[in-house]
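Quick notes on the structure that follows.
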Amino acid sequence: MSENKPAAIYLKDYRVPDFLIDRTELVFDLDDSVTVVTSKLHMRRNPSAGRITTPLVLDGGEDVKLIGVAIDNYTLPAEEYHINAEHQLVITATPDQFLLTVETVIEPQNNTRLEGLYRSSGMFCTQCEAEGFRHITYYLDRPDVMSIFTTTLIADGEKYPTLLSNGNEVERGVSDEGKTIVTWHDPHPKPAYLFALVAGNLQHISDTFTTSSGRDVTLKIFTEPHNIDKVDYAMGALKRSMKWDEDVYGREYDLDIFMIVAVDDFNMGAMENKGLNIFNSSCLLARPDTTTDDAYLRIEAIVAHEYFHNWSGNRVTCRDWFQLSLKEGFTVFRDQSFSEDLHSETVKRVEDVSFLRTAQFAEDAGPMAHPIRPASYIEISNFYTLTVYEKGSEVVRMIHTLLGAEGFRKGSDLYFSRHDGQAVTCDDFVKAMEDANGVDLTQFKRWYSQAGTPRVQVTDEYDEQAQTYTLNFSQMTPATPGQPTKLPVVIPVKMGLIGQDGSSLRFNLAGETTTETVITLTQGEESVVFEQVAERPVPSLLRGFSAPVKLSYDYTTEQLALLLAHDSDGFNRWNSGQQIAVNELQALIAQVQSGESLNQESALVSGFSQLLADEQLDSAMVALILTLPSVAYLSELAEQIDPQAIKTARDHLKGQIAKALSESFASTYERLNVQEAYQPNEAQIARRALKNVALSYWVASGDEQAQQALVNQFRNADNMTDQYAALATAVDQDLEVADELLASFYEQWQQESLVVNKWLTLSASQTSAEGLGRIERLMQHPSFDLKNPNKLRAVFAGLTQNVTLFHDASGAGYRFLADQIAVLDKRNPQIASRLCTPLTRWRKMVPSLSDPMKSALQQLAAGDLSKDVYEVVSKSLAD
Ligand code: TRP
Ligand code: ZN
């Protein structure tokens, strides 16, 4: 590891800024070789800092070249300022109030980190969150410094006719050299991380939205010309989001124009810059023949997410980056609720919970585990995590469950009105919820400071004589790095009781008779007694996944089957089916590992057979129930991860169910395989989901006709959902025809970059004799581009899902990934760091894989690393 170990930054060290920037005036002279940035900052000492002699320290970057500095038009001589080892500009003496002028030069065309100002397919664009603005010019690059921005863009109008920034366009002209000059003004004070500019030759579509108070807002979505036929869906999604935020949160949009721009090279999904959201094109562009149903729903959710940030993030922002979940957890909760309201609530909840339990629980059990409000970090980019986002959302959801919809709305109203225009903390959010509802959430706040997934154990007793039913709960949160002991947390357990015939039993709790309640756990151990319970019930616990915990109760398979068939809670119906599958799969995994012959009985066969026979059921739910737990989820649940055994067990169970029910799958497939004009609507999405699950089982049964149906579907599909499902099944089932289909898929879609990404992933995930040579070949393929994060993610997602290739006992797969990360780290540290995740799990792997995985990390650690990769690698190797 490099000699200078990057230092950690601590929440406890927070201090208010010494200076404030009331107004920021930026001029960008954009050019293909160098971009000149002139910044005029109207600054003053912060009266609340109480420090009157501290020097002015402005954040900068190694890629920013300083040309000159002036204070109130006095050009500073070299001895009055310097650049320190952290690339900061230090000015020793300043007046209390002054105009600071800084001129810098940057080279966006050489910016491969994709932070700050960079180029992506011929356009200029920015990404400033979290600390990208300092790569543009020297600034107080921290979210509690909020300023009113005026931005002037100067560029060749022929090459860059579209010149955008935050707020409203206020001026347009032509320079002496004939360049176009456009000035934008954003009246809302904002931190630098919300700054954005775009310059390019773009096309756009326009629409308007009339707010509840009657203001007309212009909506524009910009793309490169060849993608302009793929933005209509996002526009509809934007209007639905604007309406929903008015209806559900009473939040109106606050500028006259709202713009979205799609760019190809982007580190994450999308960014909520004030009035000018910038999207990874993979999260915005949609057309039936190129975009799957999943992607349609994801696009809608991300458009909503970024739009919702206008209030939860922009109008009320974060004091410091430790508070990231303040805006992200809350905004994810808001976008999840939006999708639940617009589509099937249960389906959406099942998908969100599956994702949380698979990926966030794994993070919470690994070396990078952290609370939703971390106490320290080395590189903040590493904390845009599933914990901050998804668990953060679950924590907000629990507040919603505890206060009820009305109480929660009172709390959010108070939060927005009390803190409008401020940079605040998670404590401020909780305080607003407390004050608006007259409740005490002190213990609840442990969710903000404790890492790890709590475990809840449940046992029960029934007293037939007294007709009382007792549930005994105990909770425990396992140790995580830096947190050896934990305190009990507040856990809302939504629940009901199910009778032997499947009906919801009535019970009496605290004088009230009901069939459903929320029990709020607060102690290490506690019991709840239900009265007037007519028979011994089967408990339906943690309905709707009311808390992000691992709950266990010793259900028999018969009890789970009863819940699967009858629970009034749709989430728990699904969850009970999953639990049966998990139990069977864990038994099979053990059999694979001990070399026993594999069990040929599955309780799922009769359950699934009933589901397939009942055409009245919601197809989307049936599709979810039929989907076996993923290799990734089974890995998270395992004491020791044996990927090959997990995959063998899962393939076995799937094949066995497929053979037993081959005819049902075939007839379900035929029944749902109807010709219709593609619409990404509820009914169609549900039908396609079930049809394609049925197809994958039918193919897994080995039936020749199924293969023919698959090939026909691949060739004749008029939408990407069906075409891709056929192809993915061919690859997953290792059909002989897979190579031919993959080749023809590429042939058909080589001009559509986002579709090519799907091809890259499937190609990399395919089991083949070529071994790692196949991955190398994909990385040499003309469609591959080392600069494009989507291409990198596509190939490495395929590789790391490829159990045989990635988890080869020689460790070659792990070494290959480590080598690629080391190379990539020089170009794009954020992406390199994210690719490390699979290697951080080494402690949980079976011994034969644990050692080689650890060696790959050690090999990485020996190199010269960015802060980003250094943090992940060093924390993963720490004892
Ligand atoms: N704030 C963005 C969101 O809505 C995500 C984001 C954070 C981001 N950092 C980024 C996007 C860096 C791109 C690059 O969640
Ligand atoms: Zn966000």
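Starting from 1, each residue takes its place in the sequence as its number. No hydrogens, no waters, no symmetry mates; every other heavy atom, side chains included, goes into these values. We count ligands from 1, going down the list as the structure has it; atoms in each ligand are counted the same way.
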Residue, atom and distance of the protein heavy atom nearest atom 7 (C) of ligand 1 read Tyr384 CE2, 3.2 Å
What are the atoms of ligand 1, with element, lying closer than 4.0 Å to any heavy atom of Phe266?
11 (C), 13 (C)
Could you tell me if the ring centre of Phe209 sits under 6.0 Å from that of Tyr253?
no
Determine the minimum heavy-atom distance between Tyr233 and Pro680, stating which atoms define it.
CE1-CG, 4.1 Å
Any N/O/S atom of Glu328 sitting less than 2.8 Å from the Zn ion (ligand 2), backbone or side chain?
yes
Phe322 ring center within less than 6.0 Å of Tyr377 ring center
yes
Would Glu306 count as a polar contact of ligand 1, with the cut-off being nitrogen or oxygen pairs under 3.5 Å?
yes
Is the gap between the ring centers of Phe408 and Phe333 under 6.0 Å?
yes
Could you list the atoms of ligand 1 found under 4.0 angstrom from a heavy atom of Glu328?
1 (N), 2 (C), 3 (C), 4 (O), 15 (O)
Are Tyr249 and Phe308 an aromatic pair by the rule of ring centers under 6.0 Å?
no
For Thr331 and His305, what are the C-alpha separation, side-chain angles and deciding distance, and is it a side chain to side chain donor-acceptor pair (under 3.5 Å)?
CA-CA 6 Å; Thr331 304; His305 179 98; 5.3 Å; no
For Met268, counting its heavy atoms only, list the atoms of ligand 1 lying under 4.0 Å from any of them.
6 (C), 7 (C), 8 (C), 9 (N), 10 (C), 11 (C), 12 (C), 13 (C), 14 (C)
Within 45° of the ring axis of Phe545 and under 6.0 Å from its six-membered ring centre, is that where the NZ or CZ of Arg397 lies?
no
Glu129 contact mode with ligand 1 (heavy-atom cut-off under 4.0 Å)
both
N or O contact, Glu272 vs ligand 1, cut-off under 3.5 Å
yes
Report yes or no: does Glu115 have a heavy atom closer than 4.0 Å to ligand 1?
no
When the ring centroid of Tyr14 is compared with that of Trp321, is the distance short of 6.0 Å?
no
In terms of residue, atom name and distance, what is the protein heavy atom nearest to atom 15 (O) of ligand 1?
Tyr389 OH, 2.5 Å
In ligand 1, which numbered atoms sit nearer than 4.0 Å to a non-hydrogen atom of His305?
3 (C), 4 (O), 15 (O)
For Met271, atoms of ligand 1 separated by under 4.0 Å from a heavy atom
1 (N), 2 (C)
Under 4.0 Å from one or more heavy atoms of Lys327, ligand 1 contributes atoms 1 (N)
Atom 10 (C) of ligand 1 - nearest protein heavy atom and its distance
Gln127 NE2, 3.4 Å
Counting from 1 in the order shown, the ligand 1 atoms closer than 4.0 Å to a non-hydrogen atom of Ala270 are 2 (C), 3 (C), 4 (O), 5 (C), 11 (C)
Could you check whether Tyr160 and Phe124 have their ring centres less than 6.0 Å apart?
yes
Kindly confirm or rule out a cation-pi arrangement of Arg334 over Phe330, judged by NZ or CZ under 6.0 Å from the six-membered ring centre and within 45° of its axis?
yes
Please confirm whether Asn267 comes within less than 3.5 Å of ligand 1 when only nitrogen or oxygen atoms on both sides are compared.
no
Distance under 4.0 Å to a non-hydrogen atom of His309: what atoms of ligand 1 satisfy this?
3 (C), 4 (O)
Of all heavy-atom pairs between Phe279 and Glu306, which one has the smallest distance, and what is that distance?
CZ-CG, 3.5 Å
